[in-house]
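Below is one structure; the comments refer to it alone.
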Amino acid sequence: MPPKTRFVIHVPGRADIGCNTADEVLDALNDLKDAKGVTVTDLQTGMKELSREAIVALANDERE
């Protein structure tokens, strides 16, 4: 079983990617920019299908 992470990035046809910070999610999404159907879930809050704008806002909050 993989270690607990805060965020999970689901990429159809690939293994899910776990990230601990919103900045890690943004970096991973930059690497996946050509992938279709990518979704991000925040396991801490239960929010699913986060938009890039929501992840940027979370990253900004984490930096403060």
Run the side-chain donor-acceptor check on residues 49-57: report pairs under 3.5 Å with partners two or more places apart or on a different chain.
unit_1 : atom_1 : unit_2 : atom_2 : d
S51    : OG     : A54    : N      : 3.1
R52    : NH2    : N30    : OD1    : 2.7

Report all side-chain donor-acceptor pairs from residues 10-18 shorter than 3.5 Å, counting only partners two or more places apart or in another chain.
unit_1 : atom_1 : unit_2 : atom_2 : d
H10    : ND1    : D16    : OD1    : 2.7

- request: Output all residues satisfying salt bridge (charged side-chain N to carboxylate O under 4.0 Å, His left out) with D27, sequence neighbours left out; order by chain, then residue number.
  value: none
side-chain hydrogen bond (donor to acceptor under 3.5 Å, both in side chains) partners for N20, two or more places apart: none
field: Connected-component partners of V8 among ILVMFWY, side-chain separation under 4.5 Å
entry: L43
From CA spacing to verdict: side-chain contact (heavy atoms from CB on, under 4.5 Å), V25, L58: CA-CA 10 Å; V25 173; L58 288 170; over 6 Å; no
- prompt: What's the spacing between E62 CD and D23 CG if we round to 0.5 Å?
  reply: 6.5 Å
query: Who pairs with Q44 by side-chain contact (heavy atoms from CB on, under 4.5 Å), at least two apart in sequence or on another chain?
result: R6, D42
